[in-house]
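Data first, discussion second: the structure below is written as structure tokens.
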Amino acid sequence: MKKEAENRIRLDKLLADLGLGTRSQIKEMARKGRIQVNGVPEKRADAKVDPETDQVAVDGALVAVARFQYYMLNKPQGVVSATEDNVHDTVISLIRRKAGGPVRKDLFPVGRLDIDTEGLLLITNDGELAHNLLSPRHHVDKRYFAKVEGRLPADAPERFARGITLLDGTKTMAAELEILTEASDDGAETVLTIREGKFHQVKRMFEALGCRVVFLKRLSMGSLVLDESLEAGEYRPLSEEEVEELKRWRQ
Ligand code: URA
């Protein structure tokens, strides 16, 4: 059995052990929405939590602090992938605003999406995992849905597969292009998988073929797939399985 599974205990037991009430009082507190696990209200007093990795708060005050936190955000447009910004809302301020309780101060986004890009963004305070996912040596797959304007050349998938020479002369690694709609003068809907993280990479790859990206959304990063039930601007904690898979992930 995995170590994490052994550590999990019922929320009412954890809070009762911490002296916060009897099990029935805790059940009532949960029912009233007074308990948050990883910033999200938890109404089931029998929900299992890991005191080492989950952050539990009652009435907004932390009672058990996890060392590492992992959130999946469906980043909306108009928000920057940073911890602080003087002009725009950041992905971290968005999480703080929406959290039912306190969140750790050391959270940061793993990599960046442009201000007008939507989709999957991992938010954590686990520097080692972030480093592994972002390291150019690890070539972590990133899948994007991209809507482009302009006519895609007929051989676009082959050209992406060979790697694209960007307009500044830089060569990208091989990428996988799937065209979802018939390419026409009106543009096309595509899914592109890249294995690097160059600045504005997707937009610049299409630009090199004479097309302009008009909508971009990240669908996955390594083993982590955007939960389609999350509306733009919503987030949820990763499950233990998702965290473990990401830690094991190797191309
Ligand atoms: N490539 C881009 O051009 N923009 C993003 O936000 C992500 C990848």
Side-chain angles (χ1 to χ4, degrees), residues 71-85 87-95 108-124 130-150 152-153 156-157 159-180 183 187-228 230-235 246 249 251:
Y71 296 104
M72 166 190 298
L73 170 71
N74 183 357
K75 178 191 168 298
Q77 294 186 10
V79 170
V80 292
S81 305
T83 51
E84 284 176 21
D85 192 272
V87 180
H88 297 102
D89 223 0
T90 70
V91 289
I92 301 299
S93 56
L94 185 150
I95 286 197
F108 60 86
V110 177
R112 282 170 193 275
L113 293 177
D114 296 337
I115 190 163
D116 56 354
T117 301
E118 295 185 9
L120 177 67
L121 193 60
L122 173 63
I123 311 281
T124 185
H131 173 79
N132 285 338
L133 291 171
L134 296 176
S135 164
R137 283 185 297 122
H138 291 161
H139 303 151
V140 172
D141 277 9
K142 281 148 297 238
R143 277 177 74 237
Y144 292 87
F145 171 78
K147 223 168 159 171
V148 301
E149 256 178 18
L152 270 176
R159 290 171 68 179
F160 274 95
R162 286 197 297 270
I164 297 281
T165 303
L166 303 177
L167 296 186
D168 67 359
T170 322
K171 180 98 193 277
T172 73
M173 287 176 64
E176 205 175 293
L177 178 69
E178 189 187 341
I179 301 175
L180 302 177
E189 293 187 354
T190 68
V191 172
L192 179 66
T193 305
I194 60 174
R195 298 189 171 83
E196 310 156 276
K198 295 188 194 302
F199 187 58
H200 297 322
Q201 180 160 343
V202 174
K203 291 174 184 163
R204 290 161 72 211
M205 287 175 92
F206 279 107
E207 190 184 21
L209 298 195
C211 292
R212 194 168 78 90
V213 172
V214 290
F215 178 79
L216 188 60
K217 177 175 180 178
R218 183 151 66 190
L219 306 175
S220 67
M221 181 181 196
S223 58
L224 191 64
V225 178
L226 178 66
D227 182 336
E228 285 295 339
L230 293 175
E231 300 284 339
E234 290 184 343
Y235 71 95
L246 261 186
W249 200 89
Q251 175 66 344

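In each ligand, atom 1 is the first atom listed, and ligand 1 is the first ligand listed.
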Under 4.0 Å from one or more heavy atoms of Gln201, ligand 1 contributes atoms 1 (N), 2 (C), 3 (O)
Between Leu177 and Ala156, what is the shortest heavy-atom contact and its length? CD2-CB, 3.8 Å
His200 neighbourhood, listing ligand 1 atoms whose heavy-atom distance to it stays under 4.0 Å: 1 (N), 2 (C), 3 (O)
Arg204 atom CZ: more than 12 heavy-atom contacts under 6.0 Å: yes
Under 3.5 Å, N or O to N or O, is Arg112 touching ligand 1 that way? no
When you measure from atom 4 (N) of ligand 1 to every protein heavy atom, which one gives the shortest distance, and what is it? Asp114 OD2, 2.7 Å
If we only count heavy atoms from C-beta on, is the Leu246 to Leu122 side-chain gap below 4.5 Å? yes
Under the side chain to side chain donor-acceptor pair (under 3.5 Å) test, residues paired with Thr172 that sit two or more places apart: none
Please indicate whether Glu234 has more than 12 foreign heavy atoms, meaning atoms of other residues, nucleotides or ligands, lying under 6.0 Å from its CD. yes
State which residues pass salt bridge (Lys or Arg N to Asp or Glu O under 4.0 Å) with Asp114; sequence neighbours excluded, sorted by chain then number. Lys203
Which protein non-hydrogen atom lies closest to atom 1 (N) of ligand 1, naming both residue and atom, and how far is it? Val202 N, 3.1 Å
For atom 7 (C) of ligand 1, what's the nearest protein heavy atom and its distance? Tyr144 OH, 3.5 Å
Looking only at distances, please establish whether an N/O atom of ligand 1 is found under 3.5 Å from an N/O atom of Leu216. no
Using a 4.0 Å cutoff against the non-hydrogen atoms of Thr117, which atoms of ligand 1 qualify? 4 (N), 5 (C), 6 (O)
